[in-house]
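The structure appears below as structure tokens.
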Amino acid sequence: MARPSLHTRLSSKFDSNFTKLFQGVTPDRIQPNGSGTFWHDHFGLDVRAEWLSAQLNRMSNEDCLHQQRLVFAALFQAAVATARDASPEQPQKRNALETLSIMLRALLTKNFSGWEIMEVLAGSVGDADAVLTSFVETINQLVSDASTPLPFRRRALQIGLLFMCGVNQLSPGAFFIRAIEFLPVSLSTLRTSQSASFSAECALFLTFLANYHKSDAATLNPFLKGVKEVQDAPAYAQLCICVQVICASAVKLYQDVSDDTPPTIIASFSSLMTSLRPDKAFASTHVDTREHYKHLPPVQAVVLFPLHEFLLQSESFRTVFVADATDDASPDVRPCIHEVLSATSYILTHGASSPRGAAYASLCLKILAVCASHANILGALATEPRGKKDIWLCRQREPHLPLPSGARPALASLLDCCILWLRHNMLKRLEVGSYITCIGVLHRSLQYLYSERKRFVYHWDELWKSLIGLLDFLATKVDLASTPRAEELVHLTIMLLRSALLASEAILPTPAAVHQYVYELVRSHGVLQKHKAALPYASTRSASQKRGQTSAFRASRAMAELEKVISYYSDKLAGKDASGRTVEAVMASIRAEVDRDGIFGMTHGGAETDEDHEQSAYSKDLSAASFSPWACIDGLALVPLEFVY
């Protein structure tokens with residue numbers, strides 16, 4: 001009979017050790033003649049990751065907290081000590097790190113409370129301070145030691161990331177917050193990282209540290225303060241490259257589901273010949289079901305979470321971000337923001353495909369909102385493009401936006417992204433918060449264009465139709481009274497239409513574009529009328545009531561001004577026997593009126609200058625805290641179960 005191979009015997013030994021430990025056999029009984037070397041010898045065995053992971057995942061929370069608690073505590077402390085003390089040449093160091101990775105991934109996804117995590121990892125809450133402090137110090141030592149081989153440093157950082165993803169806002173996360181030295185260590189690691197995935201791990205780890213108890217203890221979190229104040233242009237440039245690479249890869253994955261890129265002559269001919277085959281005659285290549293996009297974006301797209309955090313918190317990062325967008329040295333290299341906008345267009349188009357997709361769409365809109373809240377970023381986006389190609393945006397769902405004839409300023413792509421969100425996510429369970437954020441992005445963008453007196457070439461009629469379509473949907477498909485913030489969305493959209501009208505003669509590129517907007521408003525009179533009854537009358541309320549319902553009263557004022565304009569041109573048309581007139585004839589009448597007297601009732605141009613939109617909800621709603629649970633899930637998925645050293 002053939003003897004088992006060495007590999008089989010070692011695998012059996014690894015399985016046997018854990019089986020006995022989980023059965024309550026102590027290390028000195030498993031290896032009675034080992035003179036206290038059980039853990040050293042055990043970590044000398046190759047880790048069977050899938051087997052061990054399956055064993056841990058199978059255990060109930062009750063077993064982990066009681067029957068196996070002391071086993072886990074002993075294993076955790078032994079693995080930390082071995083990972084710290086063994087040399088990189090010894091297999092013990094690698095195997096201890098792998099054991100920590102498997103153990104933390106399995107235990108921290110069981111929804112333990114903070115004190116339960118401390119019980120399982122330390123044996124008792126009383127011992128948690130010493131045990132978890134030692135763990136944090138070991139991770140810091142491994143990541144920061146330049147003499148440690150890079151694979152060991154990266155695996156240690158991944159373990160730190162696993163821990164923070166697993167605990168999220170629970171109390172054990174505070175042990176990492178105490179170690180402020182992780183800030184320069186993380187930035188240094190980000191600066192020297194050699195791949196987009198490693199950069200993403202560094203940035204995500206630092207973002208979790210900065211977001212720990214961010215809402216109620218911002219002044220107590222040194223990482224949040226550090227992200228705001230530290231200036232590290234090389235690290236930030238590496239983050240931009242990382243985001244750029246991952247966004248480009250995400251777009252490719254969407255296109256693998258349904259190729260929406262312009263066909264080449266060869267590809268078109270090949271497609272024609274294929275369609276002539278009998279078995280392909282009735283086949284469709286277009287995919288437009290939510291099911292096909294439920295797995296997208298890929299988990300690597302979680303790097304958008306650090307991008308949002310650094311854009312929001314760090315002026316130094318924004319400077320690097322803007323410099324990357326306006327650098328003329330390499331006109332053929334697409335800047336980070338171009339890839340972000342391209343990926344954003346796909347994420348927003350398919351935002352309704354799943355709850356996860358909706359969360360990513362909300363995050364992308366928050367990124368656009370942060371960009372729109374800083375004039376220097378909008379200025380960079382509004383400049384003429386440095387390359388010959390336009391930013392490619394999603395065309396996987398109809399109706400499609402017009403294809404640009406050439407390269408445009410990136411701000412046009414940002415506005416297109418907003419239209420894609422407005423058009424393709426109107427469901428009965430409306431993501432109202434994301435729609436409010438989107439309206440805020442549009443309003444900020446228009447305010448910027450007006451402040452710069454910049455006539456912007458764009459297909460503005462697509463935007464007006466999308467906004468009016470949103471109001472029509474809200475009037476006919478949504479119960480405004482029972483849907484949180486839905487009435488607020490109506491108010492903000494009406495105010496945006498009014499502000500756009502005030503600014504139209506300053507920001508629209510041609511008189512024809514102004515005429516078109518007036519025409520779209522006149523045509524939408526019935527839609528606006530559906531919302532008029534729900535708006536308050538300012539003259540019938542006291543000053544205190546007005547202050548308490550500022551948004552509603554501003555919307556009422558905006559509606560009154562829009563109606564005045566619409567009624568004026570409607571009456572003019574009615575006086576000219578408008579029945580049966582063509583669109584061209586109506587446009588000609590509006591053109592004649594506007595060209596002669598300007599827009600009726602508009603004694604000044606420009607967006608509102610008082611506190612209206614400075615105090616509106618979307619101007620302050622830039623935090624992406626609601627994305628944190630999804631970031632934890634994808635952060636865990638980002639770290640591989642087995643690591644190649």
Side-chain angles (χ1 to χ4, degrees), residues 196-197 199-200 203-204 207 236-255 296-314 317-327 330 333-351 357 359-374 376-383 385-387 389-395 401 407-421 434 437-438 441-442 444-445 622 624 627 631 634:
S197 56
S199 299
L204 189 59
T207 302
Y236 296 153
Q238 185 62 31
L239 176 56
C240 286
I241 293 172
C242 161
V243 173
Q244 180 182 2
V245 170
I246 289 176
C247 284
S249 298
V251 168
K252 180 65 170 60
L253 290 173
Y254 277 99
Q255 292 173 346
L296 294 172
V299 294
Q300 290 80 4
V302 73
V303 75
L304 293 171
F305 189 44
L307 174 66
H308 171 273
E309 187 66 22
F310 280 91
L311 278 172
L312 181 64
Q313 303 293 347
S314 173
F317 178 78
R318 291 193 293 271
T319 300
V320 173
F321 190 71
V322 168
D324 175 71
T326 55
D327 182 12
S330 304
V333 177
R334 288 164 62 87
C336 177
I337 184 59
H338 286 202
E339 297 292 0
V340 170
L341 288 171
S342 184
T344 292
S345 73
Y346 286 85
I347 293 171
L348 294 181
T349 297
H350 300 291
Y360 268 95
S362 175
L363 176 63
C364 287
L365 287 168
K366 293 294 177 70
I367 291 172
L368 299 187
V370 175
C371 290
S373 67
H374 293 280
N376 61 332
I377 298 181
L378 282 178
L381 297 179
T383 57
R386 72 189 193 192
K389 293 184 178 180
D390 192 50
I391 301 169
W392 181 257
L393 302 179
C394 180
R395 298 179 66 79
L401 287 168
R408 310 174 296 171
L411 181 57
S413 296
L414 181 147
L415 297 175
D416 278 354
C417 286
C418 291
I419 292 177
L420 290 173
W421 171 257
S434 292
T437 303
C438 183
V441 173
L442 291 169
R444 291 292 194 186
S445 300
L622 299 179
F627 184 76
D634 281 2

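- What you find for Ala372 and Arg444 is that their closest heavy atoms are O-CB, 3.5 Å.
- Nearest heavy atom pair, residue Ile337 against residue Ala325, reads CG2-CB, 3.7 Å.
- Judged as a ring-ring contact (aromatic ring centres under 6.0 Å, His included), and not counting sequence neighbours, the contacts of Tyr236 are Phe310, Phe317.
- Although no hydrogens or angles enter the test, the distance criterion places no donor-acceptor pair under 3.5 Å between the side chain of Asp324 and the main chain of Pro335.
- With hydrogens and angles disregarded, no donor-acceptor distance shorter than 3.5 Å links the side chain of His350 to the backbone of Pro297.
- No donor-acceptor pair under 3.5 Å is formed between the side chain of Thr349 and the backbone N or O of Leu420.
- In this structure, Phe305 CZ and Leu363 CG are separated by 7.5 Å, a value rounded to the nearest 0.5 Å.
- Within the 4.5 Å cutoff, no side-chain heavy atoms of Cys364 are placed close to those of Leu368.
- The structure places CG of Leu341 at 9.5 Å from CG of Asp416, a figure rounded to the nearest 0.5 Å.
- Contact detail for Ala250 and Pro298: the closest heavy-atom pair is CB-CD, 3.9 Å.
- Although no hydrogens or angles enter the test, the distance criterion places a donor-acceptor pair under 3.5 Å between the side chain of Ser345 and the main chain of Cys394.
- A distance of 14.0 Å separates NZ in Lys366 from CG in Leu307, rounded to the nearest 0.5 Å.
- Summarising the geometry of Leu311 relative to Ile377, their closest heavy-atom pair is CD2-CD1, 4.2 Å, with the distance given to 0.1 Å.
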Chi angles and distances behind the side-chain contact (heavy atoms from CB on, under 4.5 Å) call for Trp392, Gln255 = CA-CA 12 Å; Trp392 181 257; Gln255 292 173 346; 3.6 Å; yes

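- Of the inter-residue distances, the one linking Leu348 atom CG with Leu393 atom CG reads 10.0 Å to the nearest 0.5 angstrom.
- Gly379 and Thr383 make their closest contact through O-CG2, 3.0 Å (heavy atoms, listed as atom of the first residue, atom of the second, distance).
- Here Arg318 pairs with nothing under the salt bridge (charged side-chain N to carboxylate O under 4.0 Å, His left out) rule; sequence neighbours left out.
- Using bins of under 30°, 30° to 60° and over 60° for the plane-to-plane angle, the ring pair Phe627/Tyr360 lands in the perpendicular bin.
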inquiry  = Let's go through Arg408 and Ser413 carefully: what are the C-alpha distance in whole Å and the side-chain angles of both, what is the deciding distance for side-chain contact (heavy atoms from CB on, under 4.5 Å) to 0.1 Å, and is it a yes or a no?
reply    = CA-CA 8 Å; Arg408 310 174 296 171; Ser413 296; 3.5 Å; yes

Verdict with supporting geometry, Leu304 and Cys247, side-chain contact (heavy atoms from CB on, under 4.5 Å) = CA-CA 9 Å; Leu304 293 171; Cys247 284; 4.0 Å; yes

inquiry  = Applying side-chain contact (heavy atoms from CB on, under 4.5 Å) to Thr344 and Ile367, what does each step give before you reach the verdict?
reply    = CA-CA 9 Å; Thr344 292; Ile367 291 172; over 6 Å; no

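- Every residue two or more places apart in sequence or in another chain that forms a side chain to side chain donor-acceptor pair (under 3.5 Å) with Glu339 is listed here: Arg334.
- Here the CG atom belonging to Asp634 is positioned 9.5 Å from the CG atom belonging to Leu204, to the nearest 0.5 angstrom.
- Here the side chain of Ser249 pairs a donor or acceptor atom with the backbone of Val245 at under 3.5 angstrom.
- Taking CG of Leu622 as the reference point, atom CD of Gln313 lies at 10.0 Å (rounded to 0.5 Å).
- In this structure, Leu415 and Ser445 have side chains that are in contact, with non-hydrogen atoms separated by less than 4.5 Å.
- When all heavy atoms of Ala196 and Cys242 are compared, the pair lying nearest together is O-SG, 3.2 Å.
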